[in-house]
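By convention in this document, chain letters (A, B, ...) are assigned in the order of the sequence lines, proteins followed by strands, and residues within each chain are numbered from 1.
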Number of protein chains: 2
Amino acid sequence: MASNQTGPQPSKITVHDIAGKAGVSQSTVSKVLNGYPNLRESTRKKVLQVIEEMGFVPDQIARSLVKNKTGTIGLIVGDIANPFFSETSKTIIAKARQYGIDVIISDTDYDNAIMQKSLSAMLARRVDGILVASVEREDPNIDRLVERKFPLILYNRKTDNERANYVVSNNSSGSRLAVEHLIELGHTKICFLSGSNKYSTFHQRYEGYKKTLEKHGIPFRPEFVYMQNNPETGLCGFIHDVLRLEDRPTAFFAATDQLAIQTMNLVSKMGYAVPEDFSIVGYDDIEISSNPFVGLTTVSQNNRLMAETALEKLLGLINGDISAEQPIQIVLESELIVRKTTSRARET
Amino acid sequence: MASNQTGPQPSKITVHDIAGKAGVSQSTVSKVLNGYPNLRESTRKKVLQVIEEMGFVPDQIARSLVKNKTGTIGLIVGDIANPFFSETSKTIIAKARQYGIDVIISDTDYDNAIMQKSLSAMLARRVDGILVASVEREDPNIDRLVERKFPLILYNRKTDNERANYVVSNNSSGSRLAVEHLIELGHTKICFLSGSNKYSTFHQRYEGYKKTLEKHGIPFRPEFVYMQNNPETGLCGFIHDVLRLEDRPTAFFAATDQLAIQTMNLVSKMGYAVPEDFSIVGYDDIEISSNPFVGLTTVSQNNRLMAETALEKLLGLINGDISAEQPIQIVLESELIVRKTTSRARET
DNA sequence: CTGAAAGCGCTTACAG
DNA sequence: CTGAAAGCGCTTACAG
């Protein structure tokens, strides 16, 4: 009976208190709480009334312990300040709330060590399932969860593990859309600007770029490819170098809107005009891109659908509506949005 | 002994299993887990080894139940897709992780009903404390928590409740910076564009705008103020109306970068140039604003500091390092960042 | 239709 | 230095 140091904290009222006031047993209170059917209507009423009067809210921690289910899921993103992640998180959080489930969020900053820690913290906290928005193509921690058949859905990026559940968009065909648009405009010297190959998204966008060139009989040129692990540092140097080439590019296809916008900034600082001197296509259709001041031509993924699908499948897995035997593997199509950063190539 | 429907889920290993293998009692295992000092070094070693071997991770749910502490906090934002909220969330999530505490996130979409539900869900889930990034000036649910002295820190926006803990920036002086900059450039006909008055941020920015005009002997004109509850809908109409006035404004001070950028778009569509025809100042310094294509002059809050301070204070409250007797009320200063959307007024 | 009892997986006095 | 026991706040068979 130590005095509570936080002061007049209304000392927790429990199912036991309700039972007392209502003149029933704990079990009965619990049964009304859980919608148990065979209860006399009058006792249900009475209990409900006392609960209301005392403002009782059952303790989810205790409930979780016995039910072996917490009503929480984990959400792991690469960078919540990146619009793609925050927009999909918003969808997931809103939808989860509708189902009464809470989300524990983690931001890995694309760091494997943090990913691992987040995963194990979430498991220790007994989340019912996990959504991962950014994995590398190889990730042993994810493999372990897949093997255990722990409810897990990767979205946006997937691992190479063939048994993993994922909801991604068709990055290869997205690239094809972008590159063919450029080709139709008469461009043949097209640079590819991208993030690291260790992510399936960039890997596939890169493959799509190469295949599309090949399909149209355009030679692939390694010196036209920028695919740094650290996309922020070297872009400026790359652009300068590639523009110094005798046979320089007339167009840039960036695997990311952020990269596309940086490129726009760089070339305008160098005195060039977009799209007059260079056509630029991005990928992602983040919010800024549609801003009239930017007007970036880009490949748009259906973020909302991706996030909703991922959550829906996860919940299905959790409550057993969906069998965990067959991996869930969903590929969404993307579309090209033509705005004002692309135009006909000057020299054909 | 029902067969587990999820299959070869490695049936949960407990402190009891560890105790068995290590030849000690549960209590002892628990003691090494909790760093209890008086233990023979050899038994500690032994237990640690078994834990390692079996890959045992203690169940946080069970631990939370008995410790009456969950190691989680709640984070409530108005709109995670808004850069201000996602950037501050990132800071909070990262810092919380360093302390080993998990964050349950909620996005209210500025809806009071969702706010209330989020709050009670978090309490039921027994979070150790709550951070709220967007409250209205009046909020009875918050008042109740304040009265109970539940660990709670408001940041960015605060309620009118004088006992509430908060970390905000000085919105009034931020406005003064913006308006005086415009006045120095020779502007006297300055519009104020803002979100709803029901938020302390906008309320104070509005007050700052009015006071600064007054201080400089410039008459306040109600027709120059746009302060809709729904900022997205009516801006276009307002701009058109105000520009049709005989004595029309030469500058716009927007209480939000988003509003400022929308205004830039609107007036450019109408054929005007910024800053030649109109000067525009924003508030927030979101990422796009520094983009060379936008180059918005704006008031910058120290988001990172605000978020860090809020979390730090919350943790202090939770572990009792900070007394809950005196409200924690911190006001951070902001600065003006002059870029290229403001210039000298044409007609003086 | 209702209640007594056991138990979820831990921790914490209390004894020894 | 270590263990037996009680308990955190619920739910769930099992009896009746």
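Closest contact between the side chain of D59(A) and the listed nucleotides dT11(C), dT2(D), dC10(D) involves dC10(D). When each of dC10(D), dG3(D), dT2(C) is scored by its nearest atom to the side-chain atoms of A62(A), the top-ranked nucleotide is dC10(D). In this structure, of dT11(C), dC1(C), dG9(D), it is dT11(C) that holds the atom nearest to the side chain of S30(B). The side chain of P58(A) lies closest to dC10(D), out of dT11(C), dG9(C), dC10(D). Nearest nucleotide to the K67(A) side chain, out of dT11(D), dT11(C), dC1(D): dT11(D). Nearest nucleotide to the R40(A) side chain, out of dT2(D), dG9(C), dT2(C): dT2(C).
Taking NZ of K117(B) as the start and CE of M122(B) as the end, the distance is 14.5 Å to the nearest 0.5 Å. Here the NZ-OG1 distance, from K95(A) to T309(A), works out to 9.5 Å after rounding to the nearest 0.5 Å. Taking CD1 of I105(B) as the reference point, atom CD1 of I105(A) lies at 4.5 Å (rounded to 0.5 Å). The CG atom of D59(B) sits 11.0 Å away from the CG atom of L123(A) when rounded to the nearest 0.5 Å.
Applying the 4.0 Å criterion to OP1 and OP2 of dC8(D), one finds that N68(B) has every side-chain N and O outside that range. For T43(B), a side-chain nitrogen or oxygen approaches OP1 or OP2 of dT2(D) to under 4.0 Å. For dG9(C), neither phosphate oxygen OP1 nor OP2 lies less than 4.0 angstrom from any side-chain nitrogen or oxygen of R63(B). T14(B) has no side-chain polar atom (N or O) that falls below the 4.0 Å cut-off from OP1 or OP2 of dG9(C).
In this structure, Q329(B) places its CD atom where more than 12 heavy-atom neighbours from other residues, nucleotides or ligands lie under 6.0 Å away. Within 6.0 Å of CD on E41(B) lie more than 12 heavy atoms contributed by other residues, nucleotides or ligands. No more than 12 heavy atoms of other residues, nucleotides or ligands sit less than 6.0 Å from atom NZ of K313(B).
Atoms CG (N34(B)) and C1' (dT11(C)) sit 7 Å apart, rounded to a whole Å. With rounding to whole Å, Q26(A) atom CD is found 9 Å from dA4(C) atom P. Rounded to an integer number of Å, the gap from CG of L65(B) to C1' of dT11(D) is 13 Å. As a whole-Å value, the separation of K12(A) NZ from dG7(D) P is 18 Å. Regarding H16(B), its NE2 atom lies at a distance of 13 Å from the P atom of dA5(D), rounded to whole Å. For the pair L33(A) CG and dT12(D) C1', the interatomic distance rounds to 14 Å; values are reported in whole Å.
Between Y110(A) and S134(A), the side chains place no donor N or O within less than 3.5 Å of an acceptor N or O (distance only, hydrogens not considered). Under the 3.5 Å distance criterion, with hydrogens and angles disregarded, no donor-acceptor pair is assigned to the side chains of S64(B) and T70(B). S89(A) and S86(A) form no side-chain donor-acceptor contact under 3.5 Å, judged by distance and modelled atom types alone.
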Dot-bracket pairing map - DNA chain C, Watson-Crick plus G-U, both contacts under 3.5 Å, | cross-strand: |||.||||||||.|||
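If you find the closest nucleotide of DNA chain C to F56(B) and to E41(A), the one lying nearer the 5' end belongs to E41(A). Residue-to-nucleotide proximity on DNA chain D shows that, of S25(B) and V57(A), the 5′-proximal contact is made by S25(B).
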Using the 3.5 Å cut-off, write out each protein N or O paired with an N or O of nucleotides 13-16 of chain C and the distance between them.
none

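Nucleic acid contact class of R44(A) (heavy atoms, under 4.0 Å, all strands): none. Nucleic acid contact for Q60(A): none, since no nucleic acid atom lies under 4.0 Å from a heavy atom of the residue. Residue V29(A) is out of contact with every strand shown, counting any heavy-atom pair closer than 4.0 Å. N38(A) comes within 4.0 angstrom of a nucleotide base, judged by non-hydrogen atoms across all strands.
For the side chain to side chain contact (heavy atoms under 4.5 Å, CB included) test with F56(B), the passing option among V50(B), V47(B), L33(B) is L33(B); the others fail.
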